[in-house]
Amino acid sequence: MSWRGSVWGCLPNFYTGERNYSHNSPSEFYSSLGSEGFSIGDTSGTDEEDTDSAILYGTLRGSIVGLRYYTGVVNNNEMVALQREPNNPYDKNAVKVNNVNGDQVGHIKKELAAALAGIMDNKLAVVEGVVPYGAKNVFTMPVQMSFWGREENKEAVLDQLKMHGFKLAPPLKEYGFGSKWISGKNGPTYSAPVHAAVHLTAEQLKSEFDKLFEDLKEDDKTCEMEGAEAVGTLLLPHQKQALAWMVSRENSNDLPPFWEERNNFYYNILTNFAVKERPKNVLGGILADDMGLGKTLTTIALILTNFQDGKPLPVEKITSDKICRFFFIIMLLYEKSLFLLYEESSNTVEPGVSSVKKLEAIPLKFSGCHLKRYVSGMIFVFLLVCTASIQSAEKKYSEDNPRTTLIICPLSVLSNWIDQFEQHTSQDFHLNVYIYYGSDRNKDPAILSDQDVVLTTYNILATDYGVSKYDSPLHKIKWLRIVLDEGHTIRNPNAQQTKAVLSLEAHRRWVLTGTPIQNSVKDLWSLISFLKLKPFTDREWWHRTIQRPVTMGTPGGLRRLQSLIKSITLRRTKTSKVKGKPILELPERKVLIQHVTLTEEERQVYQSVKKEGKAAINRFFSEGTVLAHYADILGVLLRLRQLCCHPHLCTNTSSSFSAAGNNTPEELRQMLVTKMKLVLSSGSDEECAVCLESLTLPVITHCAHVFCKPCIYEVIRSEQPNASCPLCRNELRVEHLVECPLEEELDSSNGKKDDQEWISSSKINALMHALIELRKENPTTKCLVVSQFTTFLSLIENPLKKSGFAFTRLDGSMAQKKRVEAIQCFQSSQAGSPTIMLLSLKAGGVGLNLTAASRVFLMDPAWNPAAEDQCFDRCHRLGQKYNVIITKFIVKDSVEENMLKIQNKKRELAAGAFATKKPSASEIKQTKINEIKALIDL
DNA sequence: ACCGCCGGGTGCC
DNA sequence: ACCGCCGGGTGCC
């Protein structure tokens, strides 16, 4: 395939039709969950504790008045929403009542409204309503209200009500969580309230959720479908299944989940809402296959295969395209006297797609000025006709029948999408893919909606939207299809990017994610809301009908969720089977450990550093200050690990043991920053002791412990006024937290490598020996040489050059453009392409594909075995043709050997830990201490 | 609303 | 009668 070039971009634009840019902002009215008030940043999580820990205070019968002034209708037993209306000109206490659809039904009678106003405004409780009977009344109808809130607010709520002469009744038998699963002819019946039900822990939930998918592995989703002609790659059986499922979802006319047709009305069996018009199902869903099963490829196949009425996307055949280009080039040749023309893609922007293609130099010379003018004149007329017809043909797709698919992905996988489009689109077809990224992105909606595919990132989308909701080009277009890659990115409903995504318009909607649920069911809301499944687009209905029943363990709650998931999700894991065969048959993967013995000199340096460090750490132990010196200890270990690799790595020995008192605040800050950088760069892959995930937005405390900023803020908030460090119980204050200054080079020792003369090391010798042997065996075998220390990789470059190896390099510090080049270069099978890639352990996102390599040399062990495994998976994945052999170099009698032992322990833990609970801070502390002891032989 | 409430009309039986 | 009672007008917040 080829990229939309400037040749096309320069064509006059004949399409001037005005579009009706309508905006459909998500209903934002339900903010009474008590969750909007507190938010500590974009990381999802803590802000909704309130709703999860809500209890039912009791119920109250009231009345809805003014029915005849509004159009909203309800059924008996239908849920209604209560919404404050502080700007009502007649009563500042007014409380509106809306039906599930958001149409106003009436108001709460004023005396009751006066009592509710304070409760609702101060978020003391969430008030929910159901109309028990009298739904057909003309003037007023009853409403059964239930009050939910946190335990500590219960008294305040009861007092407020009492002041206005109201008293809550205990939870009613007849009122619960909506109707039962299937309602009978006599109207729905209700499940008993489940106040006593046990709240599920996050872990229980997670394992429950994993069960959700078990049943849908071998469903009726086993139909296969071939991709259209323009798909240049043969699909694997499970991908054909996914394609068939996606196509059927897009062309389906089924009712959405939980809707039933009953005597010409459509009922939602969860809320009892009814409408005359058939509710629309989402033409799309969630593709939740495990990583590596080819979600990207399947999606590309979908784009090419299912355009309209089940027909493939009418992509341009490359031939006609070439003719047009040819004429256009001639015209340019004349007009601008160009003899060399580069067709530079106008969409080649930051991520650095190498889509610059050199066209043949055409040294054309015309004789005679008149002839030239004549010829070019004719060509110009021809082109006008040509483009006019093309433009009018495209216009057909631009209004009600859009042709464009919008793909939104994290920046880290943007280049992967570009590669995959290139790889999987047949050579004979020209697919217009516009990369909407970079400061020079084209914001003309007419251009964007003429593409086949527009590819962008969550950040760009959120940025445009943040500047102006109404000028954001992506929001001016109604897309044929939107695909959210790594869709769980939008799990935080308060994040700007989530809001930006939710307000996009499209006919078809897809979410791709390997982990639809990261932490809890509430992660799903943004996804479901994006899919526009009524009535869940509104947080209140999602919460009342799904989230609360599930988290409170209401009977049927999980079943309800399962039913929802099942109807819109396809998920296969690496171990799933198609027709009895495993989905993926990957070649074998072997891990060898190659022991290395240090030379006498190396050993001496190592021992002396070890002796010194061990003494210091011993001192910390006897003083009981191990955790206070955690960063220092990591520093000692880091130096030892570096010495195992190469003596030159260990240059910044600026011993920071001198934590002595009389420092200026600035010195203290600098010291903390240094320590934090040490922790972050030590490759220890430190987890945040609060969330137990890897650090996001790391900050360091005065006691030198590193946490995620949002996590530690939450600790301080919840323990106020006197918060203490979760690890060492020292005083903790927001103003004492030090943030990590901009992510510059987080490399441990990136200094004076040039002024030192190059020397080898035992490990380098071992590597070179292995590489040269391998080359003798088979000179085309490609290898990854992996280290956590980029400086080490630089040192390895030298002997590689000397021995005549062609190599390339990929590390975290490289610009996106360079990375893409390095990857493409390495993956190429051309003769002379590099056979070695120097790879930093953590470089690249999950999508990084280095299947050209079948050998891996891991130069130094990682703390976290998962990080190693992830790295191996970059070549041991779909597309790998050979058995993969991994060689780990481990220095005998060193910290590295001890690290291996710890790795094994961690592996065992991870394997058995599926259903076990999260360890506490003190357990983490103990684990860390034990690790330190084991590492330094204490 | 086949109600409640309001306020004007009215006033023995 | 500074009441009761009647019956018409009226009706969310």
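Please read these numbers as outputs of a predicted model, since none were measured by experiment.
Nucleotide dC13(C) holds its C1' atom 14 Å from the CE atom of M120(A), rounded to whole Å. Distance, N87(A) CG to dC12(C) P: 21 Å, rounded to whole Å. In this structure, the CE atom of M141(A) is 20 Å from the P atom of dG11(C), given to the nearest Å. As a whole-Å value, the separation of L116(A) CG from dC13(C) C1' is 13 Å. In this entry the distance linking CZ of R68(A) with P of dC3(B) reads 17 Å, nearest Å. Atom P of nucleotide dC2(B) and atom CG of N137(A) are separated by 14 Å, given to the nearest angstrom. Between N93(A) atom CG and dC13(C) atom P there is a gap of 12 Å when expressed in whole angstrom units. For E85(A) and dC13(C), the CD to P distance is 12 Å, given to the nearest whole Å.
Using Watson-Crick or G-U wobble geometry with both donor-acceptor distances under 3.5 Å, dC12(C) finds no partner in any strand shown. Figure legend. dC2(B) is base-paired to no nucleotide; pairs are counted as Watson-Crick or G-U wobble with both atom distances under 3.5 Å.
Between the side chain of Y90(A) and the base of dC12(C), no donor-acceptor pair of N or O atoms lies under 3.5 Å. Applying the 3.5 Å distance criterion, the base of dC13(C) shares a donor-acceptor pair with the side chain of N88(A).
In this structure, Y69(A) packs face-to-face on the six-membered ring of dC12(C), meeting both the 5.5 Å centre cutoff and the 30° plane limit. In this pair, F139(A) does not lay its aromatic ring on the base of dG11(C); centres under 5.5 Å and planes under 30 degrees do not both hold.
Residue K110(A) places at least one side-chain N or O under 4.0 Å from the OP1 or OP2 atom of dC13(C).
Under the 3.5 Å distance criterion, the side-chain polar atoms of T498(A) are matched with a main-chain donor or acceptor of I490(A). In this structure, the side chain of N76(A) engages the main chain of G134(A) through a donor-acceptor pair within 3.5 Å. H475(A) places no side-chain N or O within 3.5 Å of a backbone atom of S468(A) that could act as its donor or acceptor partner.
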Test side-chain hydrogen bond (donor to acceptor under 3.5 Å, both in side chains) applied to D103(A) and N101(A), step by step: CA-CA 6 Å; D103(A) 301 324; N101(A) 205 28; 3.3 Å; yes
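Residue contacts for K96(A): at a heavy-atom cut-off of 4.0 Å it reaches no nucleic acid atom on any strand shown. Within the nucleic acid shown, I108(A) comes within 4.0 Å of sugar-phosphate atoms alone, with no base atom in reach, counting heavy atoms only.
Separating the C1' atom of dC13(C) from that of dC2(B) is a span of 26 Å, rounded to the nearest Å. Straight-line distance between the C1' atoms of dC6(C) and dA1(C): roughly 15 Å, to the nearest whole Å.
Heavy atoms from other residues, nucleotides or ligands lying under 6.0 Å from NZ of K280(A) number 12 at most.
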